Amino acid sequence: MRYESTNGNRIVFQLACVLLGGLLTFAAAVEEAPVPVSENSQACVDCHIYSTPGIVSAWKRGRMAQVTPEAALKMPALSRRISVKTPPEKAAKVVVGCAECHTRNPEKHKDTFEHNGYSVHVVVTPGDCAACHPTEVEQYGQNLMSHAYGNLQDNSLYQSLADATNGLQTFENMKTHLSKPDPEMDGDACLYCHGTKIEVKGLKTLDTPDGEMDFPVLTGWPNRGVGRINPDGTKGSCSACHTRHDFPIEMARKPYTCSECHKGPDVPAYKVYNVSKHGNIFAAMGSRWTYDAVPWTLGKDFTAPTCAVCHVSLVVNDEGDVLAERTHRMTNRLPLRLFGLIYAHPSPKSPDTTVIRNLQGLPLPTELTGEPATKYLIDSKEQAERQKTMEKVCVACHSRSWVDGHFARLKKSVQFTNDMTLTATRIMSAAWKEGFAKGPAQKANPFDEAIEKMWVEQWLFYANTTRLASAMTGADYGVFADGRWYMSKNIQDMVDWLKMQRQAE
Amino acid sequence: MRYESTNGNRIVFQLACVLLGGLLTFAAAVEEAPVPVSENSQACVDCHIYSTPGIVSAWKRGRMAQVTPEAALKMPALSRRISVKTPPEKAAKVVVGCAECHTRNPEKHKDTFEHNGYSVHVVVTPGDCAACHPTEVEQYGQNLMSHAYGNLQDNSLYQSLADATNGLQTFENMKTHLSKPDPEMDGDACLYCHGTKIEVKGLKTLDTPDGEMDFPVLTGWPNRGVGRINPDGTKGSCSACHTRHDFPIEMARKPYTCSECHKGPDVPAYKVYNVSKHGNIFAAMGSRWTYDAVPWTLGKDFTAPTCAVCHVSLVVNDEGDVLAERTHRMTNRLPLRLFGLIYAHPSPKSPDTTVIRNLQGLPLPTELTGEPATKYLIDSKEQAERQKTMEKVCVACHSRSWVDGHFARLKKSVQFTNDMTLTATRIMSAAWKEGFAKGPAQKANPFDEAIEKMWVEQWLFYANTTRLASAMTGADYGVFADGRWYMSKNIQDMVDWLKMQRQAE
Amino acid sequence: MRYESTNGNRIVFQLACVLLGGLLTFAAAVEEAPVPVSENSQACVDCHIYSTPGIVSAWKRGRMAQVTPEAALKMPALSRRISVKTPPEKAAKVVVGCAECHTRNPEKHKDTFEHNGYSVHVVVTPGDCAACHPTEVEQYGQNLMSHAYGNLQDNSLYQSLADATNGLQTFENMKTHLSKPDPEMDGDACLYCHGTKIEVKGLKTLDTPDGEMDFPVLTGWPNRGVGRINPDGTKGSCSACHTRHDFPIEMARKPYTCSECHKGPDVPAYKVYNVSKHGNIFAAMGSRWTYDAVPWTLGKDFTAPTCAVCHVSLVVNDEGDVLAERTHRMTNRLPLRLFGLIYAHPSPKSPDTTVIRNLQGLPLPTELTGEPATKYLIDSKEQAERQKTMEKVCVACHSRSWVDGHFARLKKSVQFTNDMTLTATRIMSAAWKEGFAKGPAQKANPFDEAIEKMWVEQWLFYANTTRLASAMTGADYGVFADGRWYMSKNIQDMVDWLKMQRQAE
């Protein structure tokens, strides 16, 4: 037998190429209506196609570079991708180009600088996006995420945890000393996801291919954290999920985007999803789905939930009936906060959680013994309503008894993890009381000693993981992978530690 | 230079669309033979297309909704997807619809209930699937997996481990107390993968869009664990791997399905595969493979193994010669049980491992010091035969010296991990003997104290991981990621703990 | 409503199939120029298509089986995939088949054996690939990777770490004893990635389908580690990244290949990439990219970096301007070695790091207190140049202030992780000094005791992870997942351990 090429049909293929080539040449010759790019944006592109070609090509690929707001408004209501009633006059008849975003509201932007005759700002913000997407920006502003900076930075207790995690420790005379973390390095730690505070600290002259130019010096830059404090005073960064500069809705709908911040042991939502049946279907069959259809049709465009399906997207059935409304206030389908600090609890009323105080006066949504600070949390009626909104998505593919069984289990798992956290907290309290560690009563950082860090892992890693694994039907993850096994082991380790301290005394 | 749209060929594209549209319109007008759906199934669909549209659309997509058993039987032997010789008469000439599964054998199903005039059951079981796939169901029944419920729940020692993992611990007077786990929550823990026991606890009336209806109340529901105890007395759930309701063979052949249960630190087969060359080829090139061809042709349909290639699928070469037979008794290519409890050992003879007793009388396949309970395990001849069956797959792409070198190393790694486990067990035994922990001799749970949990991690996590990493050529995973490093560190930690206890005395 | 098949257009589809089938039949009949396979390679294929069909089909798929070196040389310079000026005469006009690699330089190959009348060698090496790719082989030889075997095996300190990780520990009389690891098992541990030493230990007669044949017995086989010591005296294995036997450039460019060795906690580059925006874009949009274009065009072929974009590939913009040169000396874009041992430090001058000695005489690139062994490391000028080469890639998509901000943070994170390592080292030194562990001063293995292993994790896992997370903008990974949290906790655990030892004395 002789070896024969598998390319036996090459000649026919070449013939087809010649024909197709001719057709395309003809097509290119046909005069077509140019995409209406504004003069200002064209001026940007003319230089930046050389200086930052990756940005320009990304923008060209995107829908914003193809469609004018005016055209976008002509879509039927369910298919509409912008929520403004009347787009800004100057922007309505041109596609959304560089200038439409980077020169919007120049007076509000402290990062506006003179750039080749234009008043350009560096940081595009929800305030800018609101020109066409006001509903989404408004909803997002009611979301915990948009307050992620302040909720962390303006809560003294959470700051203690951040300090104990990111601060420099030194060692001398058998003692360690903890310093405050370098604020400039914080963008590499918690604030990477929570968002930095971006402030303008003057101008800097840089040598560019087009000669010397001035650029603003920004603190906390670069960053696209979900609660970023922007130079125009707004909060958040739409590009956290809607990746620049092509902003494909496909990316926001795929779970990889969420995984950027929801994968670590403190909130392993993506890892849990990955081992769930839902995640398996996405991984195995998702390459056949359509990710950019609006509305998003169950069974036709996709066949199992991604994060967006349950938490954000406008979902319809084959007949166009709405199964779930679009929302950018993701918490409106979440009765409980599963990865809240220390204990799971009803969702907070206000996205600004810095207002919360428990009975002890601590800025926590529960007591140290687990009872919820009810005054600041949604009541059972609101919980039931949110639960119902979520279940509307579930029942599209699952029977009522399936859904009821699932949530009955979650309830038990929430109780179990709270109970196991309470046990760990009791051991912790004993250590504080007996003087083996310094805690709140001593006005000391309650998260900086060895035993305290074991306690932290009980709730921040293991209880959170177990709950998420239950909630998202990826329960295997919550047994041995950062889940029940570790909750159980950690309690024994804590008791063991306490006993040794007492024996050694 | 002016910016030019990349959509230069839009007009030609529109022209093509018009032409294609015409063609499709014509096609739709052509009379075609309807898919023969049974009347009963049609009745289901007529309502459920509204009440659970996701299920109906999934079913429509699948092969079962397209092909009748009669047509399936006409395929040549190697391409046949059903193993029954004569399908049930009523089902032979219709596609496999809702009623064909959910009303099969109603008298055997304790979960059968009256539903709009039909005797419907909720839980479809291997007993139902056997109507068309008897060989697969029979083989699967000889598999360890199908016994996963009893093998865990009816083994007192394994139950101690489950209790120590999932039970609630409380803390009082410097002591912890362990309670039995809530059985209803078990479906969120071990039984999520092992399978729950589904029993009928009466009927419940629910308000539905079509008025009040009665539905059975089931314990352990929902669940699709591999050893589920079903209301018709059968074991297992085909949908664990053959995902409802489209049942694509593509999913069963992709490793994501296996990862649902084989990813945690106790059995990280998927993680090891991921860093192996095999897994890399799948990840990088797998989007070009054909996953639904039967038989599955090496080099044409796929170019590197997934889990299914080595453990389950019917694999042929270009000429149609069989390289590996299809089997649903996955253990028949496995001479050793690598992630057995405590020590690796020859595979058990019976899929029901509850019959096993070691010389000490413990329900374990080895002594606590590692010697195999040979009476219950396959002999060296059977091991050699299984090894040979597995190697048949390897040699299709690897030279004999490659394969021999690989398995010689695995043998050494199995010995090494068993030896490292023995060392940990000796330290554990010393702790038990010296009274620092309470073990089997005191009839105490041997898995519930701090030092015992370290011992458990030695074999359950680290030795298992190291062996899998060796077996599946993802050896990098077994060095620092839950592998040799941790086996080595854990022994030092255990000795360290023991020394401190003795010093503190 | 009646259920209607979604396959309404089946008849038109069948019609199209008939037409297409006819066309293909015609095409197959057209006489075409055969691919010029050498006679020797054809002889190999004639048997191996039966004995190892997977290998033959892989080879047939690849570019090497389609293109002769002569044809490859006719490509324009930027598109050329071979770097030789004049290919070996006998090989120039045939495609690269079995014999072209496996019978090249037979006299240099100690693994050459007589096989059906041919002098064949088992292990294809960089020396063989250099026949057509001399530049790549030469660059790779200057790379740390090509020296990965000796850099590990010929460094006494690193050997101590390998021994402490992979050696068998036994337990007797409250003491553990550490043995040297089995060298044959090393291919399952460190040498899996670093590469084994392949030596010929005689011949073995095997029974094959074609009768008895002799094959060489090789130590360390199979292996494709990056620094493999080959039987022809060369170092490395091109197939580590360029997967046999189709060698698709697509695989080398996808991050999965790198993940085979860069995923564990010691160097989790892939995991960090995965949670970065770059990795997210690849995961979500990468199925639309073109991976086999040479050169590789930013914005057209790909829209975000994979590992190869920043470290290896020839990258151009739309106009064909070179943004980054191709290099197989990956270190030439790396000013710092981030996952060096103990502390991050400037990259070593020589790829052979066994020459390095610090002031203390230890084979380490820094002192135990972190100061770099400058004599052996690149100077600040060379660092600046490498930094500039790397930044050239960044600025194609990011503004100068973005890039500056990013690297300013990395600098801080490098300092922080080095400082946290210093703190851990000080605790370690105190333990050594006070006699609670035996270290370098006692000429003892400094990595084999419990406290020493805690110290190792500080730098090998946690500091490395934190730095990589900073460098590759996947900073979330470096907070709680093996990052800052663990650095911080580990210091407290170490101090805690030391205090307990002192108390118990």
Side-chain angles (χ1 to χ4, degrees), chain A residues 23-24 27-28 30 32 34-35 37 42 45-46 60 66 275 277 280-281 283-285 287 298-300 303 317-318 395-402 405-406 408-409 412-413 416 419-420 423 426-427 470 475-481 484-485 488-489 491-493 495-496 498-500 503-504, chain B residues 1-12 52-58 61 122 164-171 174 176 182 184-185 187-190 192-193 206 208 215 217-218 221-222 224 243 248 250-251 254 256-257 259-261 263-266 287 448-450 453 461 500 504:
Chain A
L23 204 63
L24 293 176
V30 172
E32 79 161 292
V35 176
V37 176
Q42 185 63 48
V45 166
D46 286 349
K60 279 193 196 175
Q66 313 293 335
V275 298
K277 186 60 90 183
N280 175 10
I281 299 174
M285 311 304 283
S287 63
L298 168 65
K300 183 171 146 259
T303 66
N317 66 12
D318 255 351
V395 294
C397 293
H398 295 286
S399 73
R400 169 54 43 200
S401 71
W402 180 288
H406 168 71
R409 248 178 223 156
K412 295 223 165 190
S413 287
F416 174 73
D419 288 346
M420 290 290 269
T423 300
R426 285 201 173 130
I427 304 170
S470 173
D476 179 54
Y477 193 84
V479 183
F480 290 121
R484 291 165 205 262
W485 170 258
S488 140
K489 182 170 192 275
I491 284 177
Q492 289 303 314
D493 286 343
V495 172
D496 205 70
L498 190 53
K499 283 187 186 163
M500 283 301 293
Q503 278 180 290
Chain B
M1 193 206 79
R2 293 226 40 96
Y3 161 63
E4 292 189 357
S5 162
T6 53
N7 290 352
N9 307 312
R10 195 177 294 161
I11 289 176
V12 169
T52 53
I55 293 177
V56 173
S57 75
R61 263 194 313 279
V122 180
T165 305
N166 303 324
L168 180 64
Q169 295 179 46
T170 50
F171 174 72
M174 287 304 293
T176 57
D182 181 325
E184 280 186 63
M185 200 185 64
D188 260 4
C190 307
Y192 179 82
C193 288
L206 288 176
T208 78
F215 297 92
V217 178
L218 303 173
W221 186 250
R224 52 181 152 57
T243 307
E250 172 163 358
M251 283 194 70
K254 284 186 169 169
Y256 311 117
T257 292
S259 85
E260 283 187 45
C261 292
K263 197 173 185 179
D266 51 324
S287 62
D448 64 345
E449 296 176 69
K453 287 175 191 287
F461 292 179
M500 283 301 291

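Only a predicted model underlies this, so the values are computations on that prediction, with no experimental measurement involved.
Here B:L168 contributes atom CG and A:T423 contributes atom OG1; the two are 5.5 Å apart, rounded to the nearest 0.5 Å. One distance of note links CD1 of B:I55 with CH2 of A:W402; it measures 9.0 Å at 0.5 Å rounding. Atom-to-atom distance recorded for A:I491:CD1 and B:K453:NZ is 9.0 Å, nearest 0.5 angstrom. The NZ atom of A:K489 sits 12.5 Å away from the CD atom of B:Q169 when rounded to the nearest 0.5 Å. In this structure, A:D476 CG and B:K263 NZ are separated by 9.5 Å, a value rounded to the nearest 0.5 Å. Put simply, OG on B:S259 and OH on A:Y477 are 12.0 Å apart, with the number rounded to the nearest 0.5 Å.
Using a 4.5 Å cut-off between heavy atoms, A:A504 does not touch chain B at all. Heavy atoms closer than 4.5 Å to chain B are found in both the backbone and the side chain of A:S470. Looking at B:T52, both its backbone and its side chain come within 4.5 Å of chain A, counting heavy atoms on both sides. Looking at A:D318, neither its backbone nor its side chain comes within 4.5 Å of chain B, counting heavy atoms on both sides. With a threshold of 4.5 angstrom between heavy atoms, B:A58 does not approach chain A through any atom at all. For a residue to count as touching a neighbouring chain, one of its non-hydrogen atoms must lie under 4.5 Å from one of that chain's; by this rule B:T176 touches chain A with the side chain only. With a threshold of 4.5 angstrom between heavy atoms, A:K499 approaches chain B through its backbone and through its side chain. Residue B:N166 touches chain A through both its backbone and its side chain, counting heavy-atom pairs closer than 4.5 Å.
Across every non-hydrogen atom of B:S57 and A:G299, the tightest pair is OG-CA, 3.2 Å. Nearest heavy-atom pair across B:A164 and A:S488 is O-OG, 2.7 Å. In terms of heavy atoms, A:A475 sits closest to B:G187 at CB-O, 4.5 Å.
Most heavy-atom pairs under 4.5 Å with chain A: of the set B:M185, B:M500, B:R224, B:K254, this distinction falls to B:M185. Per-residue heavy-atom pair counts under 4.5 Å with chain B were compared for A:N280, A:V275, A:V395, and the maximum is reached by A:N280. Taking B:F215, B:W221, B:F461, B:Y192 one by one and counting their heavy-atom pairs under 4.5 Å with chain A, the maximum is reached by B:Y192. Between chain A and the residues B:P53, B:G167, B:G264, the largest count of heavy-atom pairs under 4.5 Å involves B:P53. Between chain B and the residues A:S399, A:G405, A:A396, A:G478, the largest count of heavy-atom pairs under 4.5 Å involves A:A396.
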Verdict with reasoning, A:R400 to B:T208, per side-chain contact (heavy atoms from CB on, under 4.5 Å): CA-CA 9 Å; A:R400 169 54 43 200; B:T208 78; over 6 Å; no
For B:F171 and A:L498, run side-chain contact (heavy atoms from CB on, under 4.5 Å): C-alpha distance rounded to whole Å, both residues' side-chain angles, the deciding distance at 0.1 Å, then the answer. CA-CA 12 Å; B:F171 174 72; A:L498 190 53; 4.2 Å; yes
Check the pair A:K412, B:D188 against side-chain contact (heavy atoms from CB on, under 4.5 Å), reporting the backbone distance first and the verdict last. CA-CA 9 Å; A:K412 295 223 165 190; B:D188 260 4; over 6 Å; no
What do the steps show when you test A:Q492 against B:D448 for side-chain contact (heavy atoms from CB on, under 4.5 Å), and what is the final call? CA-CA 8 Å; A:Q492 289 303 314; B:D448 64 345; 5.8 Å; no
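B:T165 places no side-chain N or O within donor-acceptor distance of the main-chain N or O of A:W485, the cut-off being under 3.5 Å. Of the possible donor and acceptor atoms, one in the side chain of A:R409 sits under 3.5 Å from a partner among the backbone N and O of B:P222.
Using a cut-off of 4.0 Å between Lys/Arg side-chain N and Asp/Glu carboxylate O, B:E260 and A:K277 are scored as salt-bridged.
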